[in-house]
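Shown next, in structure tokens, is the structure this report addresses.
Naming: A, B, ... by sequence-line order, numbering from 1 per chain. Note: hydrogens, waters and symmetry copies are ignored here, and every other heavy atom, side chains too, is used. Predicted model, so just to flag it, every value in this text is computed and none were measured.
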Amino acid sequence: MDNKTNKLLERNVEQVLPSKEELAELMEKRKIKLYYGIDPTSPNLHLGHAVQLRKLAKFQELGHEVILLFGTFTAQIGDPSGHNSKRETLSKKEVDENLKTYKKQASKILDVSKATIKRNEEWLAEMDLEKMLKLASHFTTSQLLKRDLFQRRLKNNKEIWLHELFYPIMQGYDSVAMDIDLELGATDQTFNMLIGRDLQKEYNNKEKFVLTTPMLTGLDGRGMSKSRGNTVNLTDSPQDMFGKLMSLNDKLIPEYFKLCTNESLEKIEEVKNKLEQGNINPKSLKVELAKKIVTLYHSKEEAEEAEEEFNKVFKEKKYPSDMPEFSIDSFQKDTMEIDELLVKLELASSKTEAKNLIDQGGIKIDGEEQNNWNKEIKIEKGKVIQRGKKTFVKLV
RNA sequence: GGGUAGGUAGCAAAGUCUGGCCAAAUGCGACAGACUGUAAAUCUGUCGGCUUAAUGCCUUCGGGGGUUCAAAUCCCUCCCUGCCCA
């Protein structure tokens, strides 16, 4: 087997179906057509997507035909990945809004000028009922219900909606519409990707391969999801990226090195050993990790700066050099009670919350802890209001 | 179509029989504080809103209506979900 192909199918690959060898064989015989699909259910791509995108880029380097598919139609239905009940469906408008900068975000990793970009609304939005039914007739309900998350719901007596059952079929049809040799995806997509394999066989009489990459765990050790806020977005500023990675759960350091950087496997082994032996402060490994990742998506210089900035704010307890600013032009008066001010600055959602924060010593103004909610604060430029350790707002 | 169990705060779940002590136990989670390395673990506090800051007021237990001095709790009605039977 070609060494490059071999490497490509080894690193950060969980599984190749039906088999790695057969895929490698095909890839040596001819260039293959492969795709990775993302549903624009939120405006940001994160490090989880990057695992697949980086893999996709490697295929591109070897000259294979790469398609990046935006699931503009499927995003409206929503892959039923929620643990129990159906997800809110998105409107076309919301999807388009989310999609706006996807291409640009993906271009941080992939050469988008050489890749084909498609949207699955091209074929799914036009499908009529007759075609849909024909498509659906390739599967039995029990085949579709095999999916682990449906099984879980059945076990818990939770509802499964009919349209949720259709999701894998729609995703599966993408493979047929694009006449695909291989689909990339994280392991949670295995089921959906295999449905596409069945369909590709029946419609185009073609063997479709499925390659799964490991799921990247969220920063806090739980499943990655935007609602938990445990993601690192590709568009995050160097400072944010660095900061978020510093809050990474120690246990995940090797995983992040492996899935998010280009470090050699030997190096990663070394990191693992150091952690196990406990003769290194994990924090210093995280600094290294954070710098590597920031370099990947920004630049080496910005990574250095982000580190300095981090030390400044969290070691020396100084203000960050860049903080969210709030213009005082919209204020009607020159003084304001603290609780009211906090609501105005959106540091608290209600005065009650603001008061609780103040009571607990969580609010500082110009570095001074506040403990009296009805104290009148002068509204003047340059004043810095701090909530907790990480949130600052500067009046300008 | 028939039967039956349900719908409670971000989620899970108690409370309903025996109406008031229910802004609603508990767990998870979120936020703030202590300790730290913006790690983990642990400990403390808060988690509907408003103000006169009081053992005060207003809105909330699927929707609507009713009984009552008083309703998450009782009655009527509508909507939704699970399970079983057909």
Which whole number of Å gives the distance between the [atom1] atom of [N] and that of [M]?
N     : M     : atom1 : value
B/U52 : B/C58 : C1'   : 15 Å
B/A54 : B/A41 : P     : 37 Å
B/G6  : B/A72 : C1'   : 15 Å
B/A14 : B/U8  : P     : 11 Å
B/U42 : B/G49 : C1'   : 33 Å
B/G64 : B/C69 : C1'   : 24 Å
B/U18 : B/C74 : C1'   : 12 Å
B/G37 : B/C22 : C1'   : 44 Å

Base paired to [N] (Watson-Crick or G-U; both N/O distances under 3.5 angstrom):
N     : value
B/G1  : B/C85
B/A32 : B/U44
B/G6  : B/C80
B/C57 : B/G49
B/G37 : none
B/C22 : none
B/C11 : B/G27

Nearest-Å distance for atom pair [atom1]/[atom2], residues [X] and [N]:
X        : N     : atom1 : atom2 : value
A/Lys244 : B/A39 : NZ    : P     : 16 Å
A/Leu285 : B/A39 : CG    : P     : 16 Å
A/Asn249 : B/G37 : CG    : C1'   : 13 Å
A/Lys364 : B/G33 : NZ    : C1'   : 11 Å
A/Lys158 : B/U81 : NZ    : C1'   : 11 Å
A/Leu342 : B/A32 : CG    : C1'   : 12 Å
A/Glu288 : B/G37 : CD    : C1'   : 16 Å
A/Ile385 : B/A32 : CD1   : P     : 16 Å

Enumerate all atom pairs, one protein N or O and one N or O from nucleotides 43-50 of chain B, separated by less than 3.5 Å.
residue : atom : partner  : partner atom : Å
B/G45   : O2'  : A/Gln360 : OE1          : 3.4
B/G45   : N2   : A/Gln360 : OE1          : 3.0
B/G45   : N2   : A/Gln360 : NE2          : 3.4
B/G45   : N3   : A/Gln360 : OE1          : 2.5
B/U46   : O2'  : A/Asn356 : ND2          : 2.8
B/G49   : OP1  : A/Ser350 : OG           : 2.9
B/C50   : OP1  : A/Lys351 : N            : 3.1
B/C50   : OP2  : A/Thr352 : N            : 2.9
B/C50   : OP2  : A/Thr352 : OG1          : 2.3

Exercise for review: Check if the side chain of A/Asn156 and the base of B/G82 share a donor-acceptor pair of N or O atoms closer than 3.5 Å.
Suggested key: no
**Study point:** Distance-minimising heavy-atom pair for A/Thr41 and A/Leu90
**Key:** CA-CD1, 3.7 Å
More than 12 heavy atoms of other residues, nucleotides or ligands under 6.0 Å from [atom1] of [X]: is that the case?
X        : atom1 : result
A/Asn279 : CG    : yes
A/Glu368 : CD    : no
A/Glu380 : CD    : yes
A/Lys108 : NZ    : yes
A/Lys375 : NZ    : no

Check your understanding: Can A/Asn44 and A/Ser42 be counted as having a side-chain donor-acceptor contact under 3.5 angstrom?
Key -> no
Exercise for review: Would you please say whether a donor-acceptor pair under 3.5 Å links the side chains of A/Ser350 and A/Glu353?
Suggested key: no
Review point. Closer than 4.0 Å, any side-chain N/O of A/Arg222 to the OP1 or OP2 of B/A30?
Key: yes
Proximity to the side chain of [X] - top-ranked nucleotide from [options]:
X        : options             : result
A/Trp373 : B/A53, B/A12, B/U38 : B/A53
A/Lys389 : B/U36, B/G82, B/A39 : B/U36
A/Lys283 : B/U38, B/G82, B/A32 : B/U38
A/Leu357 : B/U81, B/U38, B/C31 : B/C31
A/Arg387 : B/A32, B/G82, B/U38 : B/A32

Review point. Nearest nucleotide by nearest heavy atom, which residue falls closer to the 5' end of RNA chain B, A/Lys355 or A/Thr391?
Key: A/Thr391
Review point. So which one's nearest nucleotide on RNA chain B is more toward 5', A/Pro282 or A/Leu154?
Key: A/Pro282
Review point. With sugar-phosphate meaning primed atoms plus P, OP1 and OP2, does A/Lys286 contact a base, only sugar-phosphate, or nothing at under 4.0 Å between heavy atoms?
Key: base
Practice item. May I ask you to say what A/Gly388 touches in the nucleic acid, namely base, sugar-phosphate or nothing, with a heavy-atom cut-off under 4.0 Å? Key: sugar-phosphate
Review point. Do A/Leu245 and A/Val287 share a hydrophobic cluster, counting only Ile, Leu, Val, Met, Phe, Trp and Tyr and linking them when any side-chain heavy atoms are less than 4.5 Å apart?
Key: yes
Practice item. Give a yes or no on whether the ring-centroid distance for A/His138 and A/Tyr203 is below 6.0 angstrom. Key: yes
